[in-house]
Amino acid sequence: MRSIAWNYAKTLKSVLPGVRQMSSSAPLTTVEVNDKTGIATLTLNRPPVNGLNLDLLTSIKKSIDEIENNRSKGLILTSSSKTIFSAGLDLMEMYKPDPERLKSFWTALQDAWIALYGCNVPSVALVNGHSPAGGCLLATSCEYRVMLPNFTIGLNETKLGIVAPDWFMTTFLNVLPRRTAENALTQGKLFTTEEALQAGLIDEVAATKEEALAKCEKFIASFAKVNPIARGITKQKFRKAGLDQMVMTREQDLQEFLFVINQPMVQKGLGMYLEGLKAKKA
Ligand code: CO8
């Protein structure tokens, strides 16, 4: 269980002096630190749609750890694609899955979420493309969202015949009012950029990626005069219930996921959904 003392130690670690050493942590994600601002940009780079498979999730977690350990001033999460932030979980990991890999996959998703949702440095999603389901989970795990026009974002799980786990809902509810969240989740609603702004699912719209980057940096710079330890602990306190719940029930969460995914009806639904994606092109 994560205690305040644990969080305090984690926060301290992120602000103590040390050697600054950043690198591209893995081909599927890159981490670049702006020397002037000290802000790290974590870029998802798994064409064509940044489908969150085991390897990408592992790489995301590693990159977040790297950013925290190197005392970055903030984290901006974005995508190397011009049209997709992330298409969410890689459906191929869940359709006709290999049993052992399926376990590792879900565990890697839990780990990546704990790292991002609980990340001590200010975090912003630069949503430069479509962001359904797991893509929305990543974006809403950050503290602030800047999105480009003409894309969509939301938790559309019910449209796939599956139910977003509790912690997806917790993350959504950290951003949206309860009634909006409930309606959106039950409908499997994907918000357009404009709708997302109106609903409060995103914080700002920017016309270009450059403009979005400047807005992300401005949000992070707004903490310049705030004590980073106090900031980090305050964030942890706000998110503690959700994080503790995950840590205490992650085995149960895994078992529930395995049970649901292995249901013949769910497999059939996933197969049809994948076929629909392919048929779109024909
Ligand atoms: N997983 C695997 N493959 C995908 C995914 C995905 N999520 N999304 C797209 N692809 C594939 C397509 O099938 C296509 O493959 P191919 O080239 O072989 O035909 C390729 O990626 C490119 O896709 P598109 O041609 O559709 O690209 P577009 O640019 O036209 O559209 C979109 C991009 C909007 C992202 C579109 O692909 C889309 O809507 N994708 C599906 C998004 C989605 O519904 N994701 C939900 C994933 S489930 C999830 O994240 C949470 C699950 C929680 C589990 C809880 C269980 C208990």
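One is the number of the first residue; the rest follow in order along the sequence. Each ligand, and each atom within it, is numbered from 1 in the order the structure gives.
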**Asked** Does Ala164 reach ligand 1, in the sense of a heavy atom lying below 4.0 Å from it?
**Response** no
**Flag, side chain of Arg231 to backbone of Asn120, donor-acceptor distance under 3.5 Å** = yes
**Request:** Output yes when Glu275 and Lys278 qualify as a salt bridge under the 4.0 Å nitrogen-oxygen rule, no when they do not.
**Result:** no
**Message:** Below the 3.5 angstrom mark, is there an N/O of Thr83, backbone or side chain, next to an N/O of ligand 1?
**Reply:** no
**Request:** Nearest 0.5 Å please: distance from the CG atom of Leu160 over to the CD1 atom of Ile162.
**Result:** 5.0 Å
**Check: Ser79 main-chain N/O paired with Asn128 side-chain donor or acceptor under 3.5 Å** = yes
**Prompt:** Which protein non-hydrogen atom lies closest to atom 56 (C) of ligand 1, naming both residue and atom, and how far is it?
**Reply:** Phe257 CD1, 3.7 Å
**Request:** Flag the pair Glu204 and Lys218 as a salt bridge only when some basic side-chain nitrogen lies within less than 4.0 angstrom of an acidic carboxylate oxygen.
**Result:** no
**Request:** May I ask you to list the atoms of ligand 1 that are less than 4.0 angstrom from any heavy atom of Pro132?
**Result:** 42 (C)
**Request:** Starting from atom 30 (O) of ligand 1, find the nearest protein heavy-atom neighbour and note its residue, name and distance.
**Result:** Lys280 NZ, 3.0 Å
**Request:** Check ligand 1 against Gly88 and write out every atom of the ligand that is under 4.0 Å from a heavy-atom position of the residue.
**Result:** 50 (O)
**Asked** Among side-chain atoms of Glu194 and Gln198, is any donor-acceptor pair under 3.5 angstrom?
**Response** no
**Request:** Run the salt-bridge test on Arg46 and Asp55 with the 4.0 Å N-O cut-off and return the result as yes or no.
**Result:** no
**Asked** Where on Val163 is there a heavy atom closer than 4.0 Å to ligand 1, on the side chain, on the backbone, on both, or on neither?
**Response** backbone
**For atom 48 (S) of ligand 1, the option (of Gly129, Ala133, Ser81) bearing the nearest heavy atom** = Ala133
**Prompt:** Hey, is ligand 1 close enough to Phe168 that some N/O pair sits below 3.5 Å?
**Reply:** no
**Message:** Within ligand 1, which atoms have a heavy atom of Gly134 less than 4.0 Å away?
**Reply:** 49 (C), 50 (O)
**Request:** Would you mind telling me if ligand 1 is within reach of the side chain of Ala87, the backbone, both or neither, using heavy atoms under 4.0 Å?
**Result:** both
**Message:** Does the Lys NZ or Arg CZ of Lys215 fall within the cation-pi geometry relative to Phe219 - under 6.0 Å from the ring centre and within 45° of the axis?
**Reply:** no
**For atom 32 (C) of ligand 1, the protein heavy atom that lies nearest, with its residue and separation** = Ile84 CD1, 4.2 Å
**Prompt:** Starting from atom 47 (C) of ligand 1, which protein heavy atom do you reach first, and at what distance in Å?
**Reply:** Leu89 O, 3.5 Å
**Message:** For Asn262, I'd like to know if atom CG has over 12 heavy atoms of other residues, nucleotides or ligands within 6.0 Å.
**Reply:** yes
**Request:** Tell me which part of Asp90 gets within contact of ligand 1: side chain, backbone, both or neither, using heavy atoms under 4.0 Å.
**Result:** both
**Prompt:** Which bit of Glu157 gets closer than 4.0 Å to ligand 1, counting heavy atoms only: side chain, backbone, both or neither?
**Reply:** side chain
**Request:** Determine whether any heavy atom of Ile162 lies closer than 4.0 Å to an atom of ligand 1.
**Result:** yes
**Fill in**
of all protein heavy atoms, closest to atom 1 (N) of ligand 1 is Leu91 N, 2.8 Å
**Protein heavy-atom partner closest to atom 44 (O) of ligand 1 - residue, atom, separation in Å** = Tyr273 OH, 2.6 Å
**Prompt:** Nearest protein heavy-atom contact for atom 15 (O) of ligand 1: which residue, which atom, what distance?
**Reply:** Lys278 NZ, 3.4 Å
**Message:** Counting only heavy atoms closer than 4.0 Å, does ligand 1 sit against the backbone of Leu277, its side chain, both, or neither?
**Reply:** side chain
**Prompt:** Looking at Lys62, Arg250, Lys61, which one forms a salt bridge (charged side-chain N to carboxylate O under 4.0 Å, His left out) with Asp111?
**Reply:** Arg250
**Item:** Under 3.5 Å side-chain donor-acceptor pair for Gln245 and Asp166
**Value:** no
**Prompt:** Is there side-chain contact between Tyr144 and Pro122, with at least one heavy-atom pair below 4.5 Å?
**Reply:** no
**Request:** Around atom 16 (P) of ligand 1, find the nearest protein heavy atom and jot down its residue, atom name and distance.
**Result:** Lys281 NZ, 3.4 Å
**Pairwise side-chain contact, His130 with Phe85, heavy-atom cut-off 4.5 Å (strictly under)** = no
